[in-house]
Amino acid sequence: MLDIKFIRENKDLVKEAARKKYIDVDIDELIEVDDKRRELLSRVEKKRAEQNAVSDAISAGVTDRERNTLIDKMRILKEELQVEEEELKHTMSVWREIMLQVPNVPDMSVPEGNSDGDNKEIKVWGEKPTFSFTPKSHIDIMTHLDMADFKRGVKVSGFRGYFLKNDGALLSYAIWNYAQDFFLARGFTPMIVPAIVRRSNLYGTGHLPNEAEDLYKTQDEDFFAGTAEVATMGYYADEVIDGSKLPIKFLSFSPCYRREAGSHGKDTKGLIRVHEFFKIEQVILCEAAHDESVKWHEWLNRNAEEFIESLGIPYHTVINCGGDVGLSQVKKYDIELWVPMEKKYREISSASYFHDFQTRRFNIKYRDQNGKVQYAHSLNCTAIPTPRILVSLVENFQREDGSVVIPKVLRKYMNKDAIGTETPKAAA
RNA sequence: GGUGGGGUGGCUGAGGGGUCGAAGGCGCUGGUCUUGAAAACCAGAGUCCGUUCACGCGGACCGUGGGUUCGAAUCCCACCCCCACCGCCA
């Protein structure tokens, strides 16, 4: 949610934001509705002032005759007021609807473009593996090593279902444990957060109203969140935080659920795109200053990059173009890992900042050093998602004999150097 | 699932038709005292919207939305949320 005052004062900037993000919203109409809203508000307030004055006169004590005259006056006032209040109410509801569609203003550095194909590569790290043998897909590798069972996954869970087993399960635990050690050393507060959330939280993060299709919901009208960001941001909703506690840095773990409506034909096999997965998410609330947001945004993204570097997986980082930046975001980086069998980089992490767009919706404020209460800034960035990370991990580190080398940093969590060096057990 | 009780400022908590933007306490800001701090004492301070160059003025805000009334934090209705006890289950 942007401040209406900001929108009025920066009309062209906001129009430009909508254009760049390919969002269809009529800012001129919003301003017209807002003009009307202000005019009605002022008329209603004048009437109310009059009403208050007459009411004071009545309670001050007057003769019965005067009293009756005043009460008659009040009756007329009230009727007039009701008409205008009705009009104001209607205007307000139109106003609110448009306001929810107004996008946050993307940063200057966000490139033009309307799809992820227009994202701009800003960094490349690591060396893509060259294989002296015919490499296999993560599906084949993991099935062969009995690390995953996709067939039974679909049987039990349905389309996009999977089981992780043996070293597939252990590798997931290892990554979580390693990620915990890695990120907590950087000052985060660890949390395990709810995946089932009330709808208001999804309005807060900006996932609703426009992304309802991608959300599962319960028969009680609660929703399954697609990311721990949702519950973590809801944590301080309607609160005023002591400013000296900022920045607040959470490392949140949760299962994540996505219907993937609209991507039916994409990535239908394997672990790239699944309905149910796990993610550790970095979330920050900081002081309301652009420089602070930028600083922490870079820091968050760098954390994720360094984590991937420590695993030794080749990646590149892109800055997302206008059309690939969400409604709420100012700027977004994606880290994408090399997937040898696809000969493509695939997203593993996404770092965004929002200024006060989310915190306005959540009503998260803080009291600064001068005692002034204001909206905090919010940011988030993936720490690590499982099982998607396994795709790049096993494909990049596979060997000719079908085994997979375990990255050095994970070995102590796995108690071995490789998976499948002995003859793998045949899949049961 | 059943039955009660409740949602009031940064926090806690009184108030149950007009004198209530709302007592008291905590916390906060300034001052007195003190070498400094603490304590004590004194004083101050809510948020949002509109309007104004500004001092200011006006309005709204006691969970949300309706209603009753000349007038609602206070009475009525609906909804949302919280708590307690019982039942059921881990």
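When reading the values below, keep in mind they use all heavy atoms of this one structure, side chains included, and skip hydrogens, waters and symmetry mates. Sequence lines set the chain letters: A, B, ... in the order given, protein chains first and strands last, and positions in each chain run from 1.
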Verify the neighbour count for atom CD of A/E97: are there more than 12 heavy atoms of other residues, nucleotides or ligands below 6.0 Å? no
For A/H90, is the NE2 atom crowded, meaning more than 12 foreign heavy atoms sit under 6.0 Å from it? no
For [N] versus [M], give the span between their [atom1] atoms, rounded off to a whole number of Å.
{"N": "B/A23", "M": "B/A73", "atom1": "C1'", "result": "14 Å"}
{"N": "B/G13", "M": "B/C83", "atom1": "P", "result": "15 Å"}
{"N": "B/U74", "M": "B/G18", "atom1": "C1'", "result": "12 Å"}
{"N": "B/C48", "M": "B/G36", "atom1": "P", "result": "37 Å"}
{"N": "B/A72", "M": "B/G63", "atom1": "P", "result": "16 Å"}
{"N": "B/G21", "M": "B/G31", "atom1": "P", "result": "32 Å"}
{"N": "B/A43", "M": "B/U47", "atom1": "C1'", "result": "23 Å"}
{"N": "B/A14", "M": "B/C26", "atom1": "C1'", "result": "15 Å"}

Heavy atoms from C-beta onward define the side chain here; which of B/U68, B/G10, B/G18 lies closest to that of A/K78? B/U68
Six-ring centre of A/W299, A/K249 cation under 6.0 angstrom, axis tolerance 45°: yes
Taking Watson-Crick and G-U wobble contacts under 3.5 angstrom, with | marking pairs to another strand and [ ] crossing pairs, the secondary structure of RNA chain B is written ((((((((.[[[..)..(.....]]].(((((.......))))).((((((....)))))).[[[[[..)....]]]]])))))))....
Tell me: CG of A/L81 to P of B/U68, nearest whole Å? 14 Å
Atom pairs under 3.5 Å: protein N/O with N/O of nucleotides 59-67 of chain B:
from	atom 1	to	atom 2	distance (Å)
B/G59	OP1	A/N52	ND2	3.2
B/G59	O2'	A/E45	OE2	3.4

Residue whose closest nucleotide on RNA chain B lies nearer the 5' end, A/D222 versus A/R37: A/R37
